[in-house]
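A short write-up of the structure that comes next.
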Amino acid sequence: MGGRSGAVWGCQAYHFTVKTARYTVIFTLLSLMVGLRSHPARARSQDNLPPELKAQLDSLFQPVFGAGLNATVGESIALQRDSARFVFMSGTFHFFAPVRGRVTGALFRGQMTFELAPPTAMERGQLARFTGDSVLTRKLEEVYFRFTDSTFEEIRPHLHPDPAQDRPGSEPPEKYAKRIENELYYAMGSRLLLDLYNDGDDMVFYAGLDPDDDSHYHYLIDPINDEPVQLYRRPPKGDDHAIDQVCSWRRTMRTEDGRTGSQIASVHYDLNTVINEPSRTAVTATLDFAPRRSRLRAVRFDLAANLVIDSLAADSGEVYYYYDNPEVPLNYSAAFPMAGSGGRWGTIDVFWNEPLPEAQISSLTVSYHGKYIMYQFPWGDYYINETTTWYPTHDWRTRTTYTMTFEFDAAHDLIAVGRLVDEKTIGERTFSRWQMDYPVSFVSFNYGQFERLEMPRQEGLPQVEIYRGKNHRGDVLNKDMKQKVGEDITGALALFTRAFGPLPFDRLAATEIPGSHGQGFPQLLHLSWSSFQEQHEGTTELFRAHEVAHQWWGHLVGWTSYHDQWLSEGFAEYSGAWYVEQKYGRNKQLKEIFDGWRQGLLQRGGRAAWHDGPQVAPTWLGGRCSSYDSPGSYYALVYYKGAYIVHMLRMMLHDFKSGSDQRFMDLMAAFVSRHRDGTASTEDFRRVVEDHVGAPMDWFFDQWVYGTEIPRFTFSDQTTRQEDGSYVVSGSIGQSEVTNPFRVYMPITLDFGNGQKSTFVQEITDWTTTFTTPPLPLKPKKVIFNDYDAILSRN
């Protein structure tokens, strides 16, 4: 739960390390476009609630107006909720009937204004991005409120009871509840019941705003989110499910205590999985956990959609659940189904009849089945639709140990995270047991029929195992692809182990999936079928090495929030390019990668080009970089720009005389060591960088991580022969298209021919910078500015 940020474009950021190979980008983006037109709605649900609790839940999902609760505004009333201010001038509040003794909502009709002034410059900039104004002000005649906080108690004393006031129908307008379901994918009724059940002091507040324009808004404060305050906007154009997350921040009206939204700390999972034909999977998941709050009685978990809950039990007392189960249609007639739920999944809210014991491990067991966890293609390959939500999870940052048992058809193979403890075949069924004793954030598996290749063991590296699908198409010209994949996996492991430090795992399995993307888990890689099909020098190796790099960036060091996901994806992307450089040198393969990053990052064109340029958002906004109008911005700004940020740091630490990257490797290894087995924020990384640079680096992060501008450089140079026969090179470097001059350290290489080169670094801090070299014994044949592609620029 902590960190999940509603249903927004770019929420793929909150799934674990999913990305697309360079040579399959178009296909994946088309798949996402299909997803835009087929987002799921909360069409179905399941529960085992007793009649009284079920009735309460129904009343929360479909509220009715309470008898005698209508009240009118006499004098102007103001309601402050964090940075939002509601001012009611005249009109009537129609409060909803109480549930469990609490009023949980109201419909206001009359004259009022809504003003939102985000607390930070960045969020004000994002508000202007979507609305044109850095402060949102709207006049409204109707607002739909849901709350478990003190809103009713604050407003009611200032109103005039008016039982005679006509009610606007027997129920509030259905459009608001449908918007919450179809746009936010938010189980509002069940979420309110969580608060009423827990009876804490951190409660939900929601306002559905319907101004007289082409958009409408959702203003939400939900304490179980890391950034509780959120504003969403339905764009003027788009399908019925389009939504943009405009703003998000931590609460400003109280002192932060450093808490995340986590309600529990997971300790251990026991996952028992039975795979039956055709593609029908049944799971019994037992979680041992510890409450993080006193008197906790209700907890929300994430779980894949399209499942059937068979049973739910706790180690003590009665326990109930409500499963919000979005219907996620998968187009199985297509060449490849849309991966998982397209960024959407279900939630299962669990209610205990008594508070969970404090400072004590509790246990919860959920049994369920469904055919959507995996899909089988007609030619036999299996595709894991839900690689990270196939078992109930609460906070992906909590590292746990796992025991996994699988039962499956003996004619197939199963490879999972962890070590294989035992495997035996009885008749036509195989039973395997896997153990992951090293705490990790996620586990997954792959299933099918595979050809296995075990690479020669290299000292200090995990054992590399390659699994290529036996049903793989187009084998005639590419029968040695297992070897090529294995060589790249091993080569990347060797480079990253030397640079970042050793892994705690003794094996790494790279497996083929019948999909166009890759995904990295501890000890297990999912690699696209095309990575086992053909070799595009540079991009193919980048893709494979990127997934290997997630063993460090994402697993050994996780990210603290969506703001910091570039520490995983940008780092992995650059690590992959670094491996390409090691394999091919600074040749056309590497140039193609850098050119692709720049082109993808600098392109503009909104939906037509899937990205609207770097100015739309800073890299630090993670998944929120994307929007309905610019859906590819997350990929461009987190992967491409994130990678370039790492490259610029490497170039700042590079020794151009010796060619050594030791200072850069020391930096990255120190970052791993300091945050190993935990999470890191962007500021955590900045502090490590400053330790190794030996100077403040806030200017660098302000320019590239928190900023959106990219400079353009112009160059001029001339070579002058001196009286003593030596040569002097002088020149100037200009920059433009930024608000203030950027500070950069640019390598300039003097090429004397015959392989003789000399590189010096020029600091640039002004609009125009001039330089003059010391006397040179030879005349340079060429002066190369911004060598090594060291600075991200528009030219």
Side-chain angles (χ1 to χ4, degrees), residues 5-14 32 36 39 81-86 113-140 143 179-180 182-186 206-222 225 227-250 252 343 562-563 604-638 706-709:
S5 190
V8 296
W9 265 105
C11 71
Q12 285 173 299
Y14 305 105
L32 287 173
L36 270 175
H39 283 335
R81 284 296 177 265
D82 200 86
S83 296
R85 183 175 178 83
F86 303 82
T113 60
F114 170 79
E115 181 176 291
L116 179 68
T120 67
M122 185 175 294
E123 294 299 341
R124 290 191 291 274
Q126 287 302 296
L127 184 60
R129 168 190 173 189
F130 289 98
T131 70
D133 297 304
S134 59
V135 176
L136 181 65
T137 304
R138 292 290 185 271
K139 294 182 178 180
L140 301 159
V143 178
R179 287 173 182 174
I180 293 171
N182 295 344
E183 296 172 3
L184 290 185
Y185 302 94
Y186 188 84
Y206 167 84
L209 312 173
D210 202 357
D212 187 20
D213 58 23
D214 293 332
S215 301
H216 57 254
Y217 299 86
H218 306 267
Y219 182 67
L220 175 67
I221 302 177
D222 187 344
N225 291 328
E227 292 184 339
V229 189
Q230 299 171 346
L231 178 71
Y232 297 87
R233 165 185 175 266
R234 189 194 187 282
K237 297 179 181 179
D239 61 38
D240 292 339
H241 303 289
I243 194 73
D244 289 324
Q245 185 173 357
V246 177
C247 294
S248 178
W249 60 84
R250 289 183 176 269
T252 61
Y562 72 92
H563 289 297
R604 297 192 62 175
R607 294 189 61 77
W610 291 92
H611 175 50
D612 206 18
Q615 74 287 338
V616 299
T619 294
W620 190 71
L621 279 188
R624 288 177 53 203
C625 293
S626 288
S627 67
Y628 180 81
D629 291 327
S630 186
S633 293
Y634 161 70
Y635 203 95
L637 293 167
V638 171
Y706 301 119
T708 63
E709 296 180 328

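Predicted model only: the values in this text are computed from it and were never measured.
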- Side chain Ser633, main chain His611, donor-acceptor under 3.5 Å: no

- Which pair of non-hydrogen atoms, one from Gln126 and one from Pro618, has the smallest distance, and what is that distance? NE2-CD, 4.2 Å

- Item | From OG (Ser627) to CD1 (Ile243), nearest 0.5 Å | 12.0 Å

- Taking the side chain as C-beta and beyond, is there a heavy-atom pair between His563 and Leu621 under 4.5 Å? yes

- Which pair of heavy atoms, one from Cys247 and one from Leu127, lies closest together, and at what distance? SG-CB, 3.9 Å

- Item | Qualifying residue, where the test is side-chain contact (heavy atoms from CB on, under 4.5 Å) with His216 and the options are Arg233, Arg138, Glu183 | Glu183

- Message: Nearest 0.5 Å, please: how far is OH in Tyr186 from CG in Asp222?
- Response: 3.5 Å

- Query: Considering all heavy atoms of both residues, which atom of Gln230 and which atom of Glu227 are nearest to each other, and what is their separation?
  - Reply: NE2-O, 3.2 Å

- Message: Could you check whether any side-chain heavy atom of Leu116 comes within less than 4.5 Å of a side-chain heavy atom of Tyr217, counting everything from C-beta outward?
- Response: no

- Shortest non-hydrogen contact between Arg129 and Cys625, atoms and distance: NH2-O, 2.7 Å

- Item | Distance in Å, Met122 CE paired with Thr708 OG1, rounded so as to fall on 0.5 Å steps | 9.0 Å

- Test item: Leu136 and Val246 side chains (from C-beta on) under 4.5 Å apart, heavy atoms: no

- Query: Taking atom CG of Asp244 and atom OG1 of Thr131, what is their separation to the nearest 0.5 Å?
  - Reply: 11.5 Å

- Message: Measuring only between side-chain heavy atoms, which start at C-beta, is Pro211 closer than 4.5 Å to Leu140?
- Response: yes

- Hey, does the side chain of Arg124 reach the backbone of Val135 with a donor-acceptor pair shorter than 3.5 angstrom? no

- Message: When you compare the side chain of Asp629 with that of Asp612, does any pair of heavy atoms fall below 4.5 Å?
- Response: no

- Closest non-hydrogen atom pair between Phe86 and Arg81, with its separation: CE1-CB, 4.3 Å

- Item | Heavy-atom side-chain proximity of Thr120 to Trp249 below 4.5 angstrom | no

- Message: Main chain of Tyr634, side chain of Ser626: is a donor-acceptor contact present, judged purely on distance under 3.5 Å?
- Response: yes

- Kindly assign one of parallel, tilted or perpendicular to the pair His218 and Tyr206, based on the angle between their ring planes and the thresholds 30° and 60°. tilted

- Looking only at heavy atoms, which two atoms of Tyr562 and Gly623 are closest? And how far apart? CD1-N, 4.4 Å

- Query: Can you tell if the side chain of Pro631 reaches within under 4.5 Å of the side chain of Arg607, non-hydrogen atoms only?
  - Reply: yes

- Assess whether side-chain contact (heavy atoms from CB on, under 4.5 Å) is satisfied between Leu184 and Tyr232, documenting all intermediate values. CA-CA 8 Å; Leu184 290 185; Tyr232 297 87; 3.5 Å; yes

- State, yes or no, whether a side-chain contact exists between Ile221 and Pro228 at a heavy-atom distance under 4.5 Å. yes

- Measure the spacing between NZ of Lys237 and OG of Ser215 and express it to the nearest 0.5 Å. 11.5 Å

